[in-house]
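FYI, side chains are in, hydrogens and waters are out, and symmetry mates aren't considered; it's all heavy atoms of this structure. Just follow the structure's listing: the first ligand is 1, and inside any ligand the first atom is 1.
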Amino acid sequence: MPVSSEATADPSIRVLESARFISEHSNDVLVPEEGVCRAAKEIQERMKKSGYSTAEWKKHPLNPSKADQKAIEWIFVVDSLNFSFWTSKPVDQQYSVTLDGTTYRGYWTLCAAINRAIRNGLDITDARVYASIARDLMEDVFRTDDPRKQEKMPMLERRIKVLHEVGRVLLDQYAGKFSNMVKMCQGSAQKLLDMVIREFPCFRDEHVFNGQRVCLYKRAQILVADIWACFEGKGLGRFEDIDKVTMFADYRVPQGLYHFGALRYSPRLFEFLQRSEAAVRIEGENEVTADGIPAALGLLPSGHPWEIEIRGNSIWAVECIRQQILRSSGVLVSAILIDFYMWDYSKLHAKAMKDIPIHLTRSVFY
Ligand SMILES: Nc1nc2c(c(CN[C@H]3C=C[C@H](O)[C@@H]3O)cn2[C@@H]2O[C@H](COP(=O)(O)O)[C@@H](O)[C@H]2O)c(=O)[nH]1
């Protein structure tokens, strides 16, 4: 199934076609039918019991509690930097940020650091601030408050470059506000995705797999999904075509899908992933390649076939789960809510998943 390479097809449709193409041409990752059925049953029951909905989004203490234009600027900066938090360090050495007595790791360090900066008087969600922010200021934004910890926020240089790039475009063409781009899409998530992918190269999560261009658009789609969830599908977060948005291909949800049996790796891939975590723990990620991406033994370079197989099959697995839930119960669940649920579940049950390795890629895409 060749991927519609033309930009005419909606971005999320291009992602879904890419996911199907990747799944049909994978050698080391599989979406087992019986695992999908088991996962669909389990996930649907759990989501129903927890009453999982967009209302959950604002309940998290680090997410904006009010759906307004400030929240949109906050979501835009966070989702511009929403990539590559994984660490091979033991928990007590991991980079962390503490806010209001809670210590955060992984993705949540980004949100805690942004909120701490705003409280300290630096409005890091204002394009006039971040479009030209200096390195020392960004080091302070992401400082850890535990002097015993050596580890820092990964890929600081790339994060500064991303902020400069996206801030410049907003100031030059959208009066410095991402909410102006949201208003221009007239309630179409796909139109907004098109604009984001066109205007911001760092969101252009596209690769070549098996000779075909494939689109994964993880950060562009989660940006739209976070706005939709924050506004609970109303006002500026009302998108009549939101249901086309797919799962967001990161490195955490594949772990949860594997745990539920909806994803399987070949023995050689599984063993490589296990060894990588150990290798990176010993080796560290010292040397940095030309474009500022750290390289080391055991890392999967961005665009590696195995990385694309894991990410593409994760999108496809969630689509199969979504279709299985519809078939078995007549209930239409969005890929977004399945994704949000699976991500939260994977974080909550990290211990139960510790023997399922994640792939280690340093990338600005996820
Ligand atoms: N597929 C998917 N990937 C997601 C998220 C989120 C955060 N969204 C939550 C925030 C508000 C809503 O309540 C959402 O639940 C972050 N990530 C990705 O995970 C990785 C971080 O993992 P760790 O190192 O373990 O923290 C990294 O690639 C990051 O880009 C999601 O929802 N889905």
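Listed by chain and residue number, the protein contacts of ligand 1 are W57, N63, N82, F85, G106, Y107, W108, K218, I222, F248, D250, Y251, R252, V253, D339, F340, W343, D344, K347, Y366 (heavy atom within 4.0 angstrom).
Annotation: side chain of V364 is not in contact with side chain of F203 (no heavy-atom distance under 4.5 Å). The shortest distance between side-chain heavy atoms of C215 and H207 does not fall below 4.5 Å.
Because its NZ or CZ atom is not both nearer than 6.0 Å to the ring centre of F365 and within 45° of the ring axis, R219 does not count as a cation-pi partner of that residue.
For NZ of K183, the number of neighbouring non-hydrogen atoms (other residues, nucleotides, ligands) closer than 6.0 Å is greater than 12.
Judged by distance alone, the side chains of N313 and S26 do bring a donor and an acceptor atom under 3.5 Å apart.
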Hey, can you pull the donor-acceptor pairs under 3.5 Å for the side chains in residues 241-250, sequence neighbours left out?
residue	atom	partner	partner atom	Å
D241	OD1	A189	N	2.6
D241	OD2	S188	OG	2.9
D241	OD2	A189	N	3.4
D241	OD2	Q190	N	3.2
K244	NZ	D10	OD2	2.6
T246	OG1	Q221	NE2	2.7
D250	OD1	V253	N	3.2
D250	OD2	R252	N	2.8
D250	OD2	V253	N	3.3

